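Notes for the one structure printed next.
The first residue in the sequence is number 1, and the count goes up from there. Quantities reported herein were computed from a predicted structural model and do not represent experimental measurements.
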Amino acid sequence: MTKSHSKLFLLILVLFAAKVSAQIDARMIQFPDVSKTQIVFNYGGDLWLVSKTGGTAIKLSSPAGQ
């Protein structure tokens, strides 16, 4: 598996583990980055952080908008 495929697979796995609703517009989830213990991604213009083992994602930012 390539590095980008691994990142995408981990992101999808974490979202399901966090019991995210199936109605999320997944096209809005962008730019995942994976460290040894965490995944950070952009969703709806905000940065989110979640453990690679799963759990609830924490919103890191909330910009004022455009």
Under 3.5 Å: donor-acceptor pair, side chain of S61, backbone of L47: yes
Linking I/L/V/M/F/W/Y whenever any side-chain heavy atoms sit under 4.5 Å apart, do W48 and V34 land together?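 Looking at the clustering, V34 is in the same group as W48.
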Gap between atom [atom2] of [Y] and atom [atom1] of [X] - 0.5 Å precision:
X	Y	atom1	atom2	value
I58	S51	CD1	OG	9.5 Å
N42	L60	CG	CG	11.0 Å
L49	K59	CG	NZ	14.0 Å

Restricting to non-hydrogen atoms, name the atom on P32 and the atom on F41 that form the minimum distance, rounded to 0.1 Å.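 The pair with the smallest heavy-atom distance is CA-CB, 4.1 Å.
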Non-hydrogen atoms of V50 and G55 that approach each other most closely: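 Between these two residues, the closest heavy atoms are CG2-O, 3.7 Å.
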Taking it one step at a time, do I39 and K52 satisfy side chain to side chain contact (heavy atoms under 4.5 Å, CB included)? CA-CA 6 Å; I39 299 172; K52 280 177 69 174; 3.7 Å; yes
